[in-house]
2 protein chains.
Amino acid sequence: MDSEFDDGGRQASDLTARARIRDAALEQFAEHGAKGATMRGIAAAAGVSLGLVQHHFGSKEALRQACDAVVVDVFRRRLTRAAADGDLGEPGFMTQLYETSAPLLRYLARALVDGSPAAAAVFDELAAGAEDFLSATWPERFPPGSAKAREAAGVMAAMHSGTIVLHGHLARRIGFDPLEPARASRTGLAMLDLYAAMGEFAGSATAERIAEAATAYDDADGAPR
Amino acid sequence: MDSEFDDGGRQASDLTARARIRDAALEQFAEHGAKGATMRGIAAAAGVSLGLVQHHFGSKEALRQACDAVVVDVFRRRLTRAAADGDLGEPGFMTQLYETSAPLLRYLARALVDGSPAAAAVFDELAAGAEDFLSATWPERFPPGSAKAREAAGVMAAMHSGTIVLHGHLARRIGFDPLEPARASRTGLAMLDLYAAMGEFAGSATAERIAEAATAYDDADGAPR
DNA sequence: GCCCCGATAATACAATTGTATTGTGCAGAA
DNA sequence: TTCTGCACAATACAATTGTATTATCGGGGC
């Protein structure tokens, strides 16, 4: 598979037409969503005719799946590499993720809410990696295979992915886009600061409030298990 | 404004047609996105004719703005109430948010990535509340008005909103939808557990790695400021 | 009684959009 | 050379969709 995202992107001019169309599709899908993007818009963005898009990919759905394939390919490589380095789970791994090309991250952000199977797979791998990390680091707190570990890992994956999915809103608040490679580490540091602070908060003054709130809620609403 | 979401939703049968259409629009927009939802689909979901939707709201964009108005109305009330109780920033406030009706949360989740101004406003209020909380609780760590406070608060808002935006993926991982009111507190507890654990991690063994990674990154890539 | 007005519905229409069909030129094999 | 396959493009077409128009009907004020 010819993924020009392996090395961070080359010039658009020396790409084959098929790759240029797929790159344009990535951006269009990321910007307008699976439904909002149009074949004509993609063709125009790629600088080719509508017929060529049809010729190379057959249908809009097939084009979307081709984009998904690129994403799952690139991210699987990133994630397995991070897992091998033991970097999964640690907030620094987010910096790892941020280092993939920004268009690909933007596409992933949209695909995660547009219901793409590839994006779901990426999320699952992210969550599975987080679960491994949590269970390995705090075996007593997050026993392997326990519901506690699974839930904490899922929440962790959702929260970390949230900084990607909501990168536009985040950019508006903090003044720069967290998906810009040059600013990637900055967001990771903010996450670390936040974890350090909230860790104190959650660990000290809230230990009893946890059980308190849990029992109170269960009593009031009756939602056991 | 007749928002039937104030009390958690009544029966659909005793709602006026206009309200029923807007409720159906909320769900359709949430499920298919701003572009994916169709006037005919909304009319069918509401059990009325297409002409009636047009008659009451004029255009699809106006209907979307009416949905936005409901969201901004309800969430502003929730947030100001939480702020008055000093609950903003504390992870327990997420439980507060989760207590709003699930369809409204699903709509917010979609609107946050579909580019609705109302959703952006809700996110901004969430981030502003988080910033107040962080600066008030750790004035030396997050000085009021500092970039550190703004960035940590933005990341916090994005991460917490992420559990809403990605509720579908989260549900697939943990076995239940975090937007179900009966399970709302469970997600909040998982967040607390995660904060407590990651707080240790971020606070202890990573203090020097922070500066390390930051300087290393700046040197390599040349992204100062 | 008459009228008018709002709720509701059915139909019509133009724009958009995915897809199919057809055409054109060129590079390389026979 | 001739032919064949392929990259690329232009056009056509049917389905979808937002919107405008017209019609029906029921109740309340003169």
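Hydrogens, waters and symmetry mates play no part in the numbers below; they use all other heavy atoms, side chains included.
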| note | Here the distance between atom P of D/dT16 and atom NZ of B/K60, to the nearest Å, is 15 Å

| Ignoring hydrogens and geometry, is there a side-chain-to-backbone donor-acceptor pair from B/R20 to B/A46 under 3.5 Å? | yes

| request: Taking the side chain as every heavy atom from C-beta outward, state whether A/D124 and B/R173 have any atom pair closer than 4.5 Å. | output: yes

| said: Considering every strand and a 4.0 Å limit on heavy-atom distances, what is the contact class for B/A37: base, sugar-phosphate, or nothing? | reply: sugar-phosphate

| Taking CD1 from B/I21 and C1' from C/dA9, how many angstroms apart are they, rounded to a whole number? | 12 Å

| field | Under-4.0 Å side-chain N/O to phosphate OP1/OP2 contact, A/H56 with D/dC8 | value | yes

| field | Pair A/R186 + B/E151: basic N to acidic O under 4.0 Å | value | yes

| request: Give me the residues of residues 41-53 of chain A where at least one heavy atom lies under 4.0 Å from an atom of DNA chain C, by number, or none. | output: A/L50

| query | In whole angstrom, what separates B/F29's CZ from D/dG18's C1'? | reply | 12 Å

| Value rounded to 0.5 Å, distance of CG in A/L105 from OG1 in A/T163 | 9.5 Å

| said: Using whole Å, what does the distance between atom P of nucleotide D/dT16 and atom NZ of A/K35 come to? | reply: 11 Å

| task | Please state how far atom CZ in A/R40 lies from atom P in D/dC8, giving the value in whole angstrom units. | result | 19 Å

| Taking for each residue the nucleotide of DNA chain C with the nearest heavy atom, is it A/G36 or B/H55 whose nucleotide lies nearer the 5' end? | B/H55

| task | Please name the pair of heavy atoms, one in B/I42 and one in B/I21, separated by the smallest distance, quoted to 0.1 Å. | result | CG2-O, 4.0 Å

| query | Hey, does the side chain of B/Q54 come within less than 4.0 Å of D/dA20's phosphate (OP1/OP2), counting only N and O? | reply | yes

| Taking NZ, NE, NH1 and NH2 as the nitrogens, is one of them in B/K35 or B/D114 under 4.0 Å from a carboxylate oxygen of the other? | no

| d(CE, A/M39; C1', C/dA15) in whole Å | 19 Å

